[in-house]
Student: 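Here it is, the structure, as structure tokens.
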There are 2 protein chains.
Amino acid sequence: MNAQEEVIDFVINGHKDYLPHVSIDSVIFGYHHQQLKILLLKWIGHSGWGLPGGFIKSREPLTEAAYRILKERTRLSDLFLQQFHVFGDSPYRVRERSQAEFREKFGPITSEDNWLFQRTLSIGYFALVDYSKVDITTDFFTDDFYWCDVNEVPFLLFDQNEVVEMALKMLRLAIYHQPIGYNLLPEKFTIPEIHSLYQTILGKELDQRNFSKKLLTLGLIKKLDERRNIGPHRSPYLYQFDKANYEEALNQGIVHTY
Amino acid sequence: MNAQEEVIDFVINGHKDYLPHVSIDSVIFGYHHQQLKILLLKWIGHSGWGLPGGFIKSREPLTEAAYRILKERTRLSDLFLQQFHVFGDSPYRVRERSQAEFREKFGPITSEDNWLFQRTLSIGYFALVDYSKVDITTDFFTDDFYWCDVNEVPFLLFDQNEVVEMALKMLRLAIYHQPIGYNLLPEKFTIPEIHSLYQTILGKELDQRNFSKKLLTLGLIKKLDERRNIGPHRSPYLYQFDKANYEEALNQGIVHTY
DNA sequence: TTTCTATTCTGTAATATTTACGCAATTATT
DNA sequence: AATAATTGCGTAAATATTACAGAATAGAAA
């Protein structure tokens with residue numbers, strides 16, 4: 001959405017095409033070079049950084065909306081995406097602060113009761129992507145973005161710091177119950193790779209021998225006959241997720257520690 | 001809400017006081033006589049049974065709304081209540097079926113585009129109560145209720161069977177991570193009581209020796225010097241939750257099996 | 001008072017899982 | 001051929017989980 005008329009139409013008539021009072025906020029975790037980052041956007045009309053998000057079309061299934069919003073932003077369609085919480089406990093704070101700044105930019109086209117200023121519940125989703133493969137799109141409403149280390153998140157819009165915190169908590173919980181990694185690693189990966197992925201997400205060290213033993217025992221990954229050359233003195237074996245066991249684990253949930 | 005004018009005002013003008021497009025649906029689990037049941041209501045204008053639920057006031061915090069709705073229905077205010085999922089993937093099915101039946105009852109006061117017929121996302125909460133202590137209120141919209149065994153849930157309105165299934169799944173997951181029971185048992189309880197509570201919720205047998213050993217080892221409960229007389233040949237010791245450890249477990253989450 | 005019965009209470013051994021830990025093998029480089 | 005960096009593998013100890021049964025208690029009945 002970039003053309004001026006399109007934007008104005010969205011602001012003025014968006015409530016006809018989208019559900020008002022509800023938005024989707026995504027915490028997009030990016031993993032790259034053993035760092036865990038989240039995508040932040042600079043929303044126009046706001047001084048600080050905020051999470052990517054969007055609205056649900058009037059007759060669009062919720063899950064579809066979440067994927068669409070993510071795809072519009074990252075160009076990725078196959079990724080791990082999971083709803084984790086609805087935030088709606090600060091109805092006063094949420095939109096009031098934004099209104100003044102926003103109207104300053106848009107001026108006359110926005111009335112006080114514009115749908116974008118109404119109280120909005122936020123449905124939180126978290127996603128996992130390899131951020132080197134992502135092609136971030138900005139638009140009229142977002143003029144900048146950056147990947148922010150999860151340990152250095154600045155003050156965010158609205159109540160979004162709470163959203164990020166909870167997303168991280170849920171991600172760390174999910175990693176114990178679901179075989180996360182499928183969407184964060186190349187199809188074939190090495191033990192050191194998946195090992196440091198898990199360490200990064202959990203933010204703690206895991207014994208690499210016990211770790212790989214566990215994944216192999218659970219049958220989540222299987223060793224291939226190939227190895228990869230990735231530099232001096234390094235030719236680790238490649239592994240692959242075991243599709244069948246992986247799917248089963250996704251449904252059943254895994255109960256385990258590392 | 002029972003007076004005729006009140007109801008009509010709610011139907012016609014409710015969209016001004018409540019957030020349209022979003023509702024709260026509660027799966028209220030009742031535990032009594034070693035059975036796990038859920039509360040179902042007969043909504044007027046619908047032929048089948050449905051979950052209790054309601055709408056969020058325009059400036060009411062979400063959590064507060066969930067508690068209010070529950071309190072209006074059960075008269076209970078201190079209970080275990082937890083959000084577990086937002087349902088919004090069947091935008092077509094959700095309200096269309098209801099509309100015809102509903103309008104048949106209400107007739108002329110409802111127009112096609114009445115806010116109650118619009119697409120509505122449903123935020124799912126589950127609660128735990130002792131149903132013998134609950135005083136269920138029906139109102140203009142609900143002319144009957146019953147406590148339904150979780151294993152015999154009939155076909156419900158909209159997509160609510162999915163809601164119930166997921167609630168049960170989440171409850172069973174929660175029981176592994178959170179010291180559930182605080183709100184389902186009297187302050188002082190016996191081992192057999194809490195033992196059968198857990199068995200009922202999980203739907204499987206748990207070795208009673210290992211079970212109590214576990215709860216005591218985790219420090220969640222502590223033995224009192226009192227016993228209770230509950231009938232012939234029965235004077236079990238009483239136990240109590242250990243507040244401090246309990247709170248910590250609520251925050252940290254427990255990882256364990258029984 | 002004694003006996004009987006229903007219920008509560010408790011302990012230990014076998015098994016499985018998790019943790020801790022270090023060195024040998026491999027491969028590219030020199 | 002020697003070296004250095006990295007990967008790969010095994011075992012023992014500690015901990016947690018499971019399986020399992022009989023003794024003790026309290027009230028009821030004789």
Student: Side chain of Q208(B), heavy atoms from C-beta onward: which of dG22(C), dT19(C), dC9(C) has the nearest atom to it?
Tutor: dC9(C)

Student: Taking the minimum atom-to-atom distance to the side chain of P192(B), which one of dC9(C), dC9(D), dT10(C) wins?
Tutor: dC9(C)

Student: Would a distance-only check, ignoring hydrogens and angles, find a side-chain to backbone donor-acceptor pair under 3.5 Å from Q34(B) to S196(B)?
Tutor: no

Student: In a check of ring-ring contact (aromatic ring centres under 6.0 Å, His included) between Y198(B) and each of F211(B), F189(B), Y31(B), which one passes?
Tutor: F211(B)

Student: Tell me: CG of N210(B) to C1' of dA16(C), nearest whole Å?
Tutor: 14 Å

Student: Indicate yes or no: does R228(A) engage E193(A) in a salt bridge with an N to O separation below 4.0 Å.
Tutor: yes

Student: Measure the distance from OH on Y237(B) to C1' on dT8(C) and round it to the nearest whole Å.
Tutor: 10 Å

Student: Rounded to the nearest angstrom, tell me the gap between atom CG in D225(B) and atom P in dC9(C).
Tutor: 13 Å

Student: For R228(B), which contact category applies under a 4.0 Å heavy-atom criterion: base, sugar-phosphate, or nothing?
Tutor: nothing

Student: Take atom CZ of R209(A) and atom C1' of dA12(D), then tell me their distance rounded to the nearest Å.
Tutor: 13 Å

Student: Starting at the 5' end of DNA chain D, which residue's closest nucleotide do you reach first, D207(A) or P236(A)?
Tutor: P236(A)

Student: Given atom CG of L238(A) and atom P of dT7(D), what is their separation to the nearest angstrom?
Tutor: 12 Å

Student: Rounded to whole angstroms, how far apart are CD1 on I191(A) and P on dG8(D)?
Tutor: 7 Å

Student: Taking CZ from F189(A) and P from dG8(D), how many angstroms apart are they, rounded to a whole number?
Tutor: 12 Å

Student: Taking atom P of dC9(C) as reference, at what distance in whole Å does atom CD of E193(B) sit?
Tutor: 11 Å

Student: Ion pair present between E165(B) and K169(B), side-chain N to carboxylate O less than 4.0 angstrom?
Tutor: no

Student: Measuring from Q35(B):CD to C148(B):SG, what's the distance to the nearest 0.5 Å?
Tutor: 10.5 Å

Student: So, does K223(B) get its side chain near the phosphate of dT10(C), meaning an N or O under 4.0 Å from OP1 or OP2?
Tutor: yes

Student: Any idea which of dT18(C), dA26(D), dG22(C) is nearest the K214(A) side chain?
Tutor: dT18(C)

Student: Please state whether the phosphate of dT10(C), meaning OP1 or OP2, lies under 4.0 angstrom from any side-chain nitrogen or oxygen of K213(B).
Tutor: no

